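Data first, discussion second: the structure below is written as structure tokens.
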Amino acid sequence: MFAISACSKRDPILPGVRSDIFDSNEVIVQNKDVPDLSESVTNISGDTNCEYRQDAMNVIWLADKKVWSGFATNTAVKSNQSPICNGNFIYTGLSTGEVIKINTNTKKPIWVSDVYRANNLTGGASVVDIVAHVGLDGRYVYAGGLGDAFCKLNANNGNIVWCLNISVPVDFIMVDDFIFVVGTDNNLYAINKNDGDVYWKTEIKKQVKPIYEKNIITVGKQQINYKNGEIIK
């Protein structure tokens, strides 16, 4: 038996009735300055040494042994998705738009949580792959996929703490209490990881993983002020 935390209506991947994860599809930008932060990244999505690997068919392996097999999709967006490890558990995102926590001793799921917008189940966008590595930070998992959702999940039970209508194509970074996320809408978002408030967003030229060093965010060749999102050069 494992818990299911999810999105909407009837899920074609797993049985059961799901509840919406969004109060609103609109991303509200607060237009506030980010407070002083550390000079370097404190956590990067997927930033753990993990001996498990994952293939494009949602199968997780330990060396040449199959640990767990999810539902394969007909098509999958190319990615370098791989699990992150924490003690006897692994967390990973799937091409079905789901994040899963697996007990490595029993090889069974603890929970599965949907990370995609509700209307993607009922005739909306069909691409819901989670291609960015999930991030684990203390008691919470952060994950974003191509199904228009970036979410904070309770690592213990998979329950959703908050979600934003942001589609995520690349890995994100965490600095203290803030997450910097590149969206498929060509914006970089500064998100307070405690409550999901978006302090600012700024337009970017390239959808690549952000880099943070000495209080400057670099996305491709652009340098961005972390406090207010203004382009430095």
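The shown structure was predicted, so the numbers you read here are calculated from the model rather than taken from an experiment.
Crowding of Lys108 atom NZ: a count of heavy atoms from other residues, nucleotides or ligands under 6.0 Å not exceeding 12. Counting non-hydrogen atoms of other residues, nucleotides and ligands closer than 6.0 Å to CD of Gln223 gives a total above 12.
Considering Val198, Asn187, Thr202 as possible partners of Val29, the one that fulfils the side chain to side chain contact (heavy atoms under 4.5 Å, CB included) test is Val198.
Residues Val208 and Ile204 fall within the same hydrophobic cluster, defined by Ile, Leu, Val, Met, Phe, Trp and Tyr side chains chained together at heavy-atom separations under 4.5 Å.
Proximity of Phe180 to Val175: side-chain heavy atoms (C-beta onward) are separated by under 4.5 Å at one or more points. With contacts defined as side-chain heavy-atom distances shorter than 4.5 Å, the pair Ile100/Thr92 qualifies. Put simply, the side chain of Ser69 reaches to within 4.5 Å of the side chain of Val59, judged on heavy atoms. For the pair Tyr189/Ile166, a side-chain contact is recorded, criterion being any heavy-atom separation below 4.5 Å from C-beta on. In this structure the side chain of Ile160 reaches within 4.5 angstrom of the side chain of Ser113, judged on heavy atoms. Residues Val99 and Ile130 have side chains in contact (heavy-atom distance under 4.5 Å, counting atoms from C-beta outward). Within the 4.5 Å cutoff, the side chain of Ile224 has no heavy atoms near those of the Ile216 side chain. Annotation: side chain of Pro83 is in contact with side chain of Ile60 (closest heavy-atom distance under 4.5 Å).
A donor and an acceptor atom, one from each side chain of Asn186 and Gln207, are located under 3.5 Å apart. Side-chain contact check for Trp162 and Asp195: no donor-acceptor pair (N or O, by modelled atom type) lies under 3.5 Å. With hydrogens and angles left out, the side-chain atoms of Ser82 and Gln54 include no donor and acceptor closer than 3.5 Å. Defined by atom type and a distance below 3.5 Å, a donor-acceptor pair is missing between the side-chain atoms of Asp176 and Thr42.
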Decide side-chain contact (heavy atoms from CB on, under 4.5 Å) for Asn43 and Ile173; before the verdict, give the C-alpha distance in whole Å, the side-chain angles of both, and the deciding distance to 0.1 Å. CA-CA 6 Å; Asn43 200 345; Ile173 55 175; over 6 Å; no
When you look at Leu62 and Glu51, which way does the side-chain contact (heavy atoms from CB on, under 4.5 Å) test go after all the steps? CA-CA 7 Å; Leu62 179 60; Glu51 57 187 342; 3.6 Å; yes
Working for side-chain contact (heavy atoms from CB on, under 4.5 Å), residues Val168 and Leu146: CA-CA 6 Å; Val168 182; Leu146 299 179; over 6 Å; no
Between Tyr116 and Asp148, does a side-chain contact (heavy atoms from CB on, under 4.5 Å) hold up when you go through it step by step? CA-CA 6 Å; Tyr116 49 83; Asp148 304 324; over 6 Å; no
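Under the 30°/60° scheme for interplanar angles, the aromatic rings of Phe150 and Tyr142 are found to lie parallel. Between Tyr212 and Tyr226, the angle of the ring planes goes over 60°, which puts this pair in the perpendicular group of the 30/60° scheme.
A donor-acceptor distance shorter than 3.5 angstrom exists from the side chain of Lys152 to the backbone of Lys193, with no hydrogens or angles considered.
Interatomic distance, CD of Gln222 versus CD of Glu203, reported as 8.5 Å (0.5 Å rounding). Note that CG of Asp197 is 10.0 Å distant from CD1 of Ile191, once rounded to the nearest 0.5 Å. From Arg139, atom CZ reaches atom CG of Asn154 across 7.0 Å, with rounding to the nearest 0.5 Å. The line from CG of Asn159 to CH2 of Trp111 is 9.5 Å long, rounded to the nearest 0.5 Å.
Cation-pi contact between Lys32 and Tyr199: present, with separation from the ring centre below 6.0 Å and deviation from the ring axis of at most 45°.
A salt bridge links Lys227 to Asp36: one of the charged nitrogens lies within less than 4.0 Å of a carboxylate oxygen.
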